[in-house]
Amino acid sequence: DAGVTQSPTHLIKTRGQQVTLRCSPKSGHDTVSWYQQALGQGPQFIFQYYEEEERQRGNFPDRFSGHQFPNYSSELNVNALLLGDSALYLCASSYDRATDTQYFGPGTRLTVL
Amino acid sequence: GENVEQHPSTLSVQEGDSAVIKCTYSDSASNYFPWYKQELGKRPQLIIDIRSNVGEKKDQRIAVTLNKTAKHFSLHITETQPEDSAVYFCAASIGTSGTYKYIFGTGTRLKVLA
């Protein structure tokens, strides 16, 4: 039973560029949530995908967008990168229940220069 | 607004002592409260969780208590060991199925001194 996987592990970009991060959920899970974790901080909710639609969003600008595919995998896209976007990006998968556990992937460390 | 406060931000204990981390949430509709342990450079790992229909849950050396009236929940680690050293995050689930999300606390860095 595969856990949550993410790619790439690390990424270095320059300001103004665009980046795409990928996530495959735990087997059987249908819901993917994305989080940004700055150094020394707790994860901050970006958005959540279910049935290929974004249905919940945190306080992040439109530069952050995403997609969910029919196989439940998901992508996070960030446009016009800023230095402040440097962080660990975590995806978490779960079943579609508010009381269900979210399992995290290993994260993608994004550095913006 | 939606908020989870976590205290303390750092905690040092002697090996074998107990550690307690406390969180307070703002949304009275929250009904699920997980705790995650994150070691340096690794993903958050669920260590224990509690749902709003119970007041306490225990798993070996780890326990969580929930006071819904006060909107408080706490993590208790007994007989601490050096490998317990990590950052611990509490979270509260806000919303209902179809529109829920987790709000995380700011984390507690626990250091167990040998």
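Values below: all heavy atoms of this structure, side chains included; hydrogens, waters and symmetry mates excluded.
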Looking at [Y], is its backbone amide N or carbonyl O close enough to the side chain of [X] to form a donor-acceptor pair, meaning the two atoms are under 3.5 Å apart?
X       : Y        : value
B/Ser26 : B/Asn3   : yes
B/Ser30 : B/Ser93  : yes
A/Thr9  : A/Thr108 : no

Given that the side chain runs from C-beta out, which part of [X] has a heavy atom under 4.5 Å from chain A: side chain, backbone, both or neither?
X       : answer
B/Phe33 : neither
B/Pro34 : neither
B/Gln6  : neither

Q. Are any non-hydrogen side-chain atoms of A/Gln102 and B/Tyr36 less than 4.5 angstrom apart?
A.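 A side-chain contact under 4.5 Å exists here.
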Q: Can you tell which part of A/Phe47 gets under 4.5 Å to a heavy atom of chain B, answering side chain, backbone, both or neither?
A: neither
Q. What part of A/Gln37 lies closer than 4.5 angstrom to a heavy atom of chain B: side chain, backbone, both or neither?
A.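 For A/Gln37, the side chain is the part near chain B, not the backbone.
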Q | A/Ser33, A/Cys91, A/Ser73 screened by side-chain contact (heavy atoms from CB on, under 4.5 Å) with A/Pro25, the one that passes | A |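 Option passing the side-chain contact (heavy atoms from CB on, under 4.5 Å) with A/Pro25: A/Ser73.
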